[in-house]
There are 2 protein chains.
Amino acid sequence: MDIDAIIDNVYVLPEKSRERLKANISEITYPRGHLLFKVNKISSRIYFIKTGIVRAYAETPDNEITFWFGKEGDTVISMKSYVYDQKGYENIELLEPCELYQTDAEDLRKLFNEDIHIANWGRKFAEQELVKVEERLIFRQCRTAMERYKELISTDPALLQRVQLGHIASYLGMTQVSLSRIRSELK
Amino acid sequence: MDIDAIIDNVYVLPEKSRERLKANISEITYPRGHLLFKVNKISSRIYFIKTGIVRAYAETPDNEITFWFGKEGDTVISMKSYVYDQKGYENIELLEPCELYQTDAEDLRKLFNEDIHIANWGRKFAEQELVKVEERLIFRQCRTAMERYKELISTDPALLQRVQLGHIASYLGMTQVSLSRIRSELK
DNA sequence: CTTATTTTTTATCATTTGTAAAATTTTTAC
DNA sequence: GTAAAAATTTTACAAATGATAAAAAATAAG
């Protein structure tokens with residue numbers, strides 16, 4: 001997905017504003033396995049995914065919790081770094097080799113203060129992500145593990161092809177063994 | 001909490017912008033039990049809590065899931081109405097009689113397009129809420145029911161005094177019976 | 001103050017989910 | 001192509017949580 005489409009997907013910017021935003025964006029490629037963000041580090045990088053898929057995960061003493069997948073067109077940031085300039089709570093790992101557009105929160109903040117369209121673009125981005133996470137929090141609680149898996153199959157079957165089941169399991173809020181059990185029940 | 005403090009708590013606005021924002025805000029009082037928002041309705045209202053406490057909850061066939069509490073200084077909106085002008089997924093109910101400041105998303109959207117400071121204020125609001133929800137989603141998954149309850153006691157003991165345990169239980173992602181069991185184990 | 005209503009606790013049992021370990025399958029690297 | 005590593009499934013068992021019903025406690029209403 002090209003950068004114009006990614007930008008406009010959040011909020012359609014006037015030509016001039018989009019050009020200003022794009023002036024700060026460059027392209028970069030990383031291999032599978034690369035970590036874009038590391039837990040407990042501050043990073044003001046911002047990426048947009050041209051091709052590929054990534055996951056954000058938090059670490060626990062004996063586990064990893066994948067709480068977000070990013071695909072073509074998605075924006076990748078370390079949320080707490082981006083919002084508060086504080087240490088992030090997540091690692092973000094490439095699950096495939098990725099072509100990325102990149103920019104920096106520093107530059108973006110400057111644009112937020114100079115260009116009202118870009119400020120509203122940033123607002124819309126956060127608002128849309130907010131609705132998604134809130135819906136997931138609610139959904140997680142009112143559905144059984146089986147229902148959550150079925151829902152994923154029907155809304156995003158392609159994800160199962162691209163991402164290993166261990167990551168899917170924690171994304172759905174269950175263990176890999178539980179997910180495997182559920183899958184065998186459905187056969 | 002007065003309206004200036006509430007506004008500045010999100011993002012400190014220049015005097016002029018704050019006055020523009022305030023020009024659209026009025027005060028209103030509702031009794032305990034009043035519903036500010038109803039599930040499956042579009043409402044462009046926006047409230048700020050001067051005094052009192054509210055809860056947002058989703059309905060399931062045989063249950064209610066409280067996923068947010070709002071207190072003095074918090075902003076109360078129906079997220080999907082606010083962001084997409086679509087039917088909301090939540091009810092929001094006053095748990096105490098509340099003094100509220102109110103305005104309308106229509107007015108606010110106009111200000112977002114006219115005043116860059118207010119646009120950035122709206123951006124900051126969404127970003128901060130986003131970090132909170134994302135942290136809750138992760139926390140929910142990496143802690144046991146007992147740990148989640150202990151955490152609440154230590155971070156917000158006052159909440160237990162103001163809100164009935166049934167609501168706390170679903171906020172923590174467990175049944176009321178589970179919460180009661182956990183509480184008795186701690187005695 | 002007394003009664004009615006709501007909330008919370010307690011108890012029992014069923015179910016779901018997790019843990020651990022082994023077996024199997026798939027993927028990766030040489 | 002083969003060996004090694006990683007991922008997934010399977011099994012058995014344990015632990016946590018949920019469902020239901022009833023008792024107790026707290027709150028609200030008259």
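In what follows, every chain begins at residue 1, and chains take the letters A, B, ... in the order their sequences are listed.
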Check your understanding: Among C/dT9, C/dT10, C/dT19, which nucleotide sits nearest the side chain of B/Ser184?
Key ->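 Of the options given, the side chain of B/Ser184 lies nearest C/dT10.
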Point to revise | Nucleotide nearest A/Ser178 when distance is taken to its side chain, options C/dT17, D/dT17, C/dA11 | key: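 Looking only at side-chain atoms, A/Ser178 lies closest to C/dT17.
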Practice item. Compare side-chain N and O positions of A/Arg183 against OP1 and OP2 of D/dT8 and report whether any pair is under 4.0 Å apart. Key: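 No, A/Arg183 has no side-chain N/O under 4.0 Å of OP1/OP2 on D/dT8.
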Check your understanding: Between A/Thr175 and C/dG18, does any side-chain N or O lie under 4.0 Å from OP1 or OP2?
Key ->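 For C/dG18, OP1 or OP2 has a side-chain N or O of A/Thr175 closer than 4.0 Å.
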Practice item. May I ask you to say what A/Ser180 touches in the nucleic acid, namely base, sugar-phosphate or nothing, with a heavy-atom cut-off under 4.0 Å? Key: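 Since a base atom lies under 4.0 Å of A/Ser180, the category is base.
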Using atom types as modelled and distance alone, determine if a side-chain donor or acceptor of [X] lies under 3.5 Å from a backbone N or O of [Y].
X	Y	value
B/Arg148	B/Leu172	yes
B/Ser78	B/Lys80	no
A/Ser81	A/Ser43	yes

Spacing of [X] atom [atom1] relative to [N] atom [atom2], expressed in whole Å:
X	N	atom1	atom2	result
B/Arg162	C/dT7	CZ	C1'	19 Å
B/Ile182	C/dT10	CD1	C1'	15 Å
A/Leu186	D/dT10	CG	C1'	16 Å
B/Glu64	C/dT6	CD	P	14 Å
B/Glu185	C/dT10	CD	C1'	13 Å
B/Met174	C/dT16	CE	C1'	16 Å
A/Gln176	D/dT9	CD	C1'	9 Å
A/Arg143	D/dG18	CZ	C1'	18 Å

Check your understanding: Taking for each residue the nucleotide of DNA chain C bearing the nearest heavy atom, is the 5' side occupied by B/Arg181 or by B/Arg32?
Key ->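 On the 5' side of the pair lies B/Arg32.
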Review point. For B/Glu134 and A/Tyr89, what are the C-alpha separation, side-chain angles and deciding distance, and is it a side chain to side chain donor-acceptor pair (under 3.5 Å)?
Key: CA-CA 10 Å; B/Glu134 202 164 89; A/Tyr89 40 73; 2.8 Å; yes
Check your understanding: How many angstroms lie between NZ in B/Lys50 and CD in B/Glu27, if you round to the nearest 0.5 Å?
Key ->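 Those atoms lie 4.0 Å apart.
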